[in-house]
Amino acid sequence: MFKSRGPSLAPETDYTKNLRENSFYRYGHLRSLGLTGEITALAVDPILSLFGVGTSSGLVHVYGAPPFQFTLPVSTISSSGPAQPIKFLFFHPGHHRLIAIDASNTLHTFSLQHISDNPNPLNHPPLPTKEISYTLWGTVTSVDQPLPSHTHLFFTIKDGTTLTWDLSRRGLGNWKIGNCWQDYENRMIRSGIPGRRKTLGGPMGTCIAMNPRDLNIMLIGYEGGVVAWDMQQNVVAKTFEMTLPPGAPGGGSYQDADGSLWTERTPSVTSISWRPDGLVFVVGHADGCMTFWAYSEPDKPLMVRTITHEDVNVTDAESLFDAGALNNQIKQVEKDQDGNTVTTAVAANREPVYKLAWVSFPDQLSLNAIIAAQGLEGAGEPISNATVDYAERGETLLMILGGQSPGEKPGISILQFPAYKPPIGRRGTTPQSPSESMPLQERYAYRDSLAPTGSSNYLTKTPPEDFVLLPRTNPYFNLCHDPFAIIVSLGSDPTLPQVKEPTATRGLESWVFPPPRSTIIPPSPGRKNFVQPGEGEKIVAMTPAPVLSPTPVTPGRASPGGWRLPWTTGAPSPSASPTLSVPTPESMYGGSAGGARKRAKVRRQLRLPSSIWSGGLTVLGCELYALTTPMFKRLISFSIENAGQEERPRIPIHGGMAVPDLQSHGAPDVKVAKLESYRILVTYHADATVRFWDASPHLLILPTPLRFEYPGPLPHLTISIADYLKHPDVAHLPLAQLWQNDPTKVKIKSVHLAREALECVITFVTGEVIVTKFGEAKGKKGGEDEIEELDDGVEHDDGYFPTMPPQAASGSGENGWVEEVTEIGHLAKWKGDGFKPVAIFTLKRGEPISCAVSDIGFIAVAFASKSLAIIDMRGPDVILREGFNEDGVMMKKKKKKGNVQNVIGEASVVGAMKFVVAGMGADTVNRPRLIVSYAKGMTKIYVLVNVLGEWVVETKPPTFTNESLAGPLASFVLDPVGGSELQATAESLQTAMRDMAAAEHQHGSKGKEVSTHCLWIAASKKSIRCAANFNGERIAKVELEEEELSNVFYITRHGQKVLVAVTTTGAALFYSVPFLVYITRLDLFFGLQSRPTGKLSMDDRSGDFVEYSGPLDINIRTFFHFRKPYPPRIDPCAVRKVVPPQPTPLAASTMVGAWIWGGAPLTGAQLDTLIAGPTRPPAPRVPPAPPKPLISWGKPPEEPDKVVLTAATGLAPKRTPVQKQKAPVRDAREREDVYSEMTNTAALRGDYLDSLGDSLNSVSNSASAYLSQAKNAALKEAAKSTAKGVFGKLL
């Protein structure tokens, strides 16, 4: 401490008041935001309408309806080791169970029907209860999707063993299958077949798939092939092995250097998928090819193909010659119908087929039922036109992940197959033994059903790594029946800036499914016209699929380059890879410009649940702002008024229910919580976007049940920097050129929001500053939005944003000069509310280290190059440059005739800046001032003066140095009357302008003693100092000897002020204001080990703050953990769709030959009995039901009636009963929250418009009736006059 010269304030001055009591402070954790690890697994439950994400940190995040979400700690840190990543994740539909297998091969199951109930919900939030954790003895390589009809989980082990887990009994099943392929290899070797050898280390089990229509048939994939296991017979029913003969390319090349083309090869099996009818299945291989098998014919596959080539298991002499494999000099170039060069097998070398999914659609009866139910309550998601197109034709889609050649655009490929039509002449025939070959008529029918009628793809910016489909209601068919959305997991994007902290590099995207039906038959390279002997003397020729000639391009009509995602080009780009042919916008909607817009609406991208911040949405930083109610209403009104009409709607998952916890001990009081300020969370991301979220505590307590996400996304406020930089008008700027050439260097450094002016300032590590300002939507005028639309006539790149056309750098000369200020207001889109671009400042001073914004139009930016700029947005213009000139060149000395706005810089970087409207020293007039604190301990106070309507900065500011203020952190200027901050607001500036005008006409006495008109609190790393009038008497001082500060905040809680100083070791020190008396200390960690704090962003009106320690460590915490919202009470099973029955085999009379099943199909209960055996233990005891309904947690606890005992008897006196009356639903005096108020207003406006429309209709009807009556009257009068004339002549 220090010796004071005596404070100029009265000793009783105290702004802290009751906050001096140290029991009023309690550190607490409120909520974690974002993901906690890399995305490793995805899962969906169509019955409960839930979506789950497994992460590398061992946590599972589950999402449902907007307010419903929870994080389940599956694998946690323990004494045995760190948390293990989630490797497999599944829901058990119909049984309401979550299944996870981590990297240590530990199986975890959780019951979604039973939720934990702990008396301390802060440390132990309500979550699904764990059933069991069991570590398996081998490495799990694949798991079959569990079905509602039975309770066993089938999975394969690396050594080829197939095991089951009894989900209902929570134990390992007795059923076990050994390595069937190893037994098959041994039999082949013993048979003496040449060339057969054992797989080194034994064949590994790679995949498993149960027949969707018969639980008796299980396909198990090994490295060498596939076996079909008969459950009832407990034997291998059939074996499927695909061998490529010498000269056949498979998924490889005709010119491979190792010479394997001329050897017999058996590519490893990687994936299996059944066709929904259960007759055909497809096997993916490691070389990128796919084998289609009919289950009834294991001797020969129906077809072996890649994504683009068919019959790649047949040695093709012509292709060998064309490829030069036989030293033939004549080579041909193969092209598709668009004229693009098709990748031949020469350069294929495809990646493995990682995943296959065969999608089906409802039959005609189900389709009619779905269409009839549209619009009714509980109808579910509306059916799309594309689904109707596929369903009416009975077509299926094969989704292929992988199998692409180098150079192809990354994405998920889709092959469109026609319905299977069995040959009529062979219906009802007897089955043949497996040793006999399939009849040709049947084989041709199968092959015809495998001839694609179209193809498409989901192009992605980076290679996809996984995907899941969201079925409408059906939990069977491997969750591939009638899906309405697809979620894709993407690989890391190399164009994103690098982040030092651990981050989730894999992104997630969601799209509406299915894509529009393709009407263009793709080419079939590899399929040839060849003749095979038929039955007896018949000769049947195989007919190739037609190859369409290139469509001529007519003026005004784009070349049909295939169906693509909205961000990709409409014109084909030269590439060595084939483009899958799909319907073009012209073929679907006509060649008008509106067709492209319709196409974008058909294939809409969906918004994922909030807080899934990974990939391009990796959070680089975040800021928390408390707003006044009017400002908050302005920001969110557009999202409430246009709810349900978003351009990118939320993914349609509606499961679960969340109820606020208002009855636990310490729960918040609703009436008091409504008085809390509303908050906005601002995040800036790796894809150069700034996003806004509603982080108000009201979302967690109102209403019951909860309705809104937390944090609530405000997509209409999103600022996309790329939308500005891709525009030709800014192509000459260094930032735009850097985005075009090396986007990894375009990285947002900080974001600042002016809370009243609603100006958002964005700084970049390269030194640029972009300023945006909030604006309401306007009526679309001619050409306003067309400035941004670069889709017509401009080629796009393969990424998310169009490529800027090459042009001369307007505004830049040979010396690279670029204007300092570039106005970009004309780039704004006014069709909705949002932050509109204002200007880009190219100051060329390197990385910014500090920024100060104000609500009066001034911005200050300090750079690491020991320079400073002050910006006036009224121009906009730079009104002061400290340390550099208007060309961005460092100034070493002041020029005599130089620009007065340029001043010499200090030999120190700026540590903190603050705009205020206050007096200083003897100048008692409030003026706009900028406090600049330098790292060396010097402080400057720039004064902004209005001269003839223009604001200028006095270039000789008051300067004083104090060594104790070295390493400054923050400055606060307080009103000595009540301790409120003197901020630079529009109201304070208006008052200051009047005071300055009045001061010019007054002549004060110089000898008069100056009173205390402001208090300045300056905080540095080692001290905190409070002085009167900036340079007046020192009020108080605090010095730290052992610790060092990292952040200092001034908090107002319930009208009482306190100063909070956060140390680098993770502690918070609280001091009273203004005399800086020590109050208490809080450790910002749990346990005994201290930790460094991350970057804090404080809500100065509640004491809550967001701590950003990295993209995977974002938390909302508080200094006053009293009556804060608790984690909501949840019920994952609140929404339960009807579980349909297990699909049955198709009738044998409608299929070729006899069906593969004998007798009645196996049911799920029979399968459980067959697998578990007679020694199956009894089911475990079901946990008791919760003591009270979930919805009751959202009702505030009732106060108990006070009972008065008499002294004489000790009994309660008898009282006359009073008739009970119902209380009003809501007290008229009670404050209504913003969400209810604005929602009700929107509803009333809709009702008013409806009534107005009814009134107009009635007026129109009345006018029509009046017109008809007038016409009738006129006709009658005309008839009378005519009659009078006739009779008059007669008379």
Side-chain angles (χ1 to χ4, degrees), residues 43 45 47-50 52 58-65 68-76 78 86 89-102 106-135 146-153 164-173 475 655-665 667 705 1126-1139 1164-1165 1168 1172 1176-1195:
D45 188 337
I47 301 300
L48 298 181
S49 189
L50 299 177
L59 302 181
V60 173
H61 304 268
V62 178
Y63 305 92
F68 178 84
Q69 57 177 299
F70 63 85
T71 300
L72 197 60
V74 175
S75 176
T76 57
S78 62
I86 303 299
L89 183 66
F90 297 95
F91 287 99
H92 192 187
H95 296 270
H96 314 316
R97 185 179 285 112
L98 181 67
I99 308 165
I101 301 178
D102 59 27
T106 300
L107 187 145
H108 312 264
T109 62
F110 296 83
S111 174
L112 300 179
Q113 300 181 85
H114 305 98
I115 306 301
S116 62
D117 185 8
N118 193 284
N120 185 6
L122 289 174
N123 298 330
H124 304 280
L127 292 173
T129 57
K130 176 177 284 191
E131 292 181 337
I132 196 171
S133 292
Y134 183 88
T135 302
L147 299 177
S149 56
H150 62 83
T151 59
H152 279 82
L153 183 72
T164 62
W165 179 267
D166 195 337
L167 294 169
S168 63
R169 302 304 191 264
R170 305 174 188 176
L172 196 63
M657 181 172 66
V659 174
D661 187 353
L662 302 180
Q663 295 197 353
S664 295
H665 178 70
Y1126 282 173
R1129 298 280 173 167
I1130 59 174
D1131 180 10
C1133 305
V1135 178
R1136 303 189 191 188
K1137 299 179 183 179
V1138 177
V1139 180
D1168 284 336
R1176 189 181 193 187
R1181 185 174 59 89
V1182 179
K1188 56 183 178 180
L1190 177 68
I1191 199 70
S1192 63
W1193 288 97
K1195 299 178 181 179

Trainee: Has His96 got a side-chain atom pairing as donor or acceptor with Ser111's backbone, closer than 3.5 angstrom?
Mentor: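 A pair under 3.5 Å: no.
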Trainee: So which atom in Phe68 and which in Pro1132 form the shortest heavy-atom distance, rounded to 0.1 Å?
Mentor: CZ-CA, 3.6 Å
Trainee: So, taking the atom named SG in Cys1133 and the one named NE2 in His114, what distance separates them when rounded to the nearest 0.5 Å?
Mentor: 9.0 Å
Trainee: Where the side chain of Tyr134 meets the backbone of Arg170, is there a donor-acceptor pair that is under 3.5 Å apart?
Mentor: no
Trainee: What do the steps show when you test Leu98 against Leu89 for side chain to side chain contact (heavy atoms under 4.5 Å, CB included), and what is the final call?
Mentor: CA-CA 8 Å; Leu98 181 67; Leu89 183 66; 3.8 Å; yes
Trainee: Is there a donor-acceptor pair under 3.5 Å between the side chain of Arg169 and the backbone N or O of Pro1177?
Mentor: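 Yes, because the side chain of Arg169 sits within donor-acceptor range (under 3.5 Å) of the backbone of Pro1177.
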Trainee: Using every non-hydrogen atom in the two residues, find where Asn118 and Asn120 come nearest and quote the distance to one decimal.
Mentor: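 That closest heavy-atom pairing would be OD1-N, 2.8 Å.
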Trainee: Closest approach of Arg97 and Thr109, non-hydrogen atoms and distance?
Mentor: CD-CB, 4.2 Å
Trainee: Please assess Val62 against Phe110 for the test side chain to side chain contact (heavy atoms under 4.5 Å, CB included), listing each intermediate value before the final yes or no.
Mentor: CA-CA 12 Å; Val62 178; Phe110 296 83; over 6 Å; no
Trainee: Report the distance from atom CZ of Phe70 to atom CD1 of Ile115, rounding to the nearest 0.5 Å.
Mentor: 7.0 Å
Trainee: Is it the case that the side chains of Ser116 and Thr129 hold a donor-acceptor pair, with the cut-off being a distance below 3.5 Å and no angle test?
Mentor: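 Note: Thr129 and Ser116 side chains miss the donor-acceptor criterion.
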Trainee: Nearest 0.5 angstrom please: Leu153 CG to Leu147 CG, how far?
Mentor: 10.0 Å
Trainee: Using the side-chain contact (heavy atoms from CB on, under 4.5 Å) rule, pick out the option among Ile99, Leu112, Leu48 that qualifies with Phe91.
Mentor: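 For Phe91, the side-chain contact (heavy atoms from CB on, under 4.5 Å) test succeeds with only one of Ile99, Leu112, Leu48, which is Leu112.
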Trainee: Going from CG on Leu59 to CD1 on Ile86, what distance comes out if it is rounded to the nearest 0.5 angstrom?
Mentor: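 Between atom CG of Leu59 and atom CD1 of Ile86 there are 7.5 Å.
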Trainee: Please report the interatomic distance CD1(Ile1130) to CG(Asp661), rounded to the nearest 0.5 Å.
Mentor: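 Reported to 0.5 Å precision, the distance equals 12.0 Å.
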Trainee: For Ala658 versus Pro705, what's the shortest heavy-atom pair and its separation?
Mentor: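 Smallest interatomic distance, heavy atoms only, reads O-CB, 3.4 Å.
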Trainee: When you measure from the side chain of Asp45 to the backbone N and O of Leu50, does any donor-acceptor pair fall under 3.5 Å?
Mentor: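 No; judged by distance alone, with no hydrogens or angles, the pair does not exist.
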Trainee: Which pair of non-hydrogen atoms, one from Pro125 and one from Leu122, has the smallest distance, and what is that distance?
Mentor: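 Closest heavy-atom pair between Pro125 and Leu122: CD-O, 4.3 Å.
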Trainee: Can you tell me how far apart CG (Asp117) and CH2 (Trp1193) are? Round to the nearest 0.5 Å.
Mentor: 5.0 Å
Trainee: Apply side chain to side chain contact (heavy atoms under 4.5 Å, CB included) to the pair Leu167 and His92, showing each step before the final yes or no.
Mentor: CA-CA 9 Å; Leu167 294 169; His92 192 187; 3.3 Å; yes
Trainee: Looking at every heavy atom in both Ser133 and His108, which two are closest together, and how far apart are they?
Mentor: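 Of all heavy-atom pairs spanning Ser133 and His108, the closest is OG-ND1, 2.8 Å.
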Trainee: Once the angle between the rings of His61 and Tyr63 is folded into 0 to 90°, is it parallel (under 30°), tilted (30 to 60°) or perpendicular (over 60°)?
Mentor: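 Parallel, since the angle between the ring planes stays under 30°.
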Trainee: Compute whether any side-chain donor of one residue and acceptor of the other, for Arg1129 and Ser1192, lie under 3.5 angstrom apart.
Mentor: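 No, no side-chain donor-acceptor pair sits under 3.5 Å.
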Trainee: Taking atom types as modelled, is there a side-chain donor on Thr164 or Asp166 under 3.5 Å from an acceptor on the other?
Mentor: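 Result is no, nothing qualifies.
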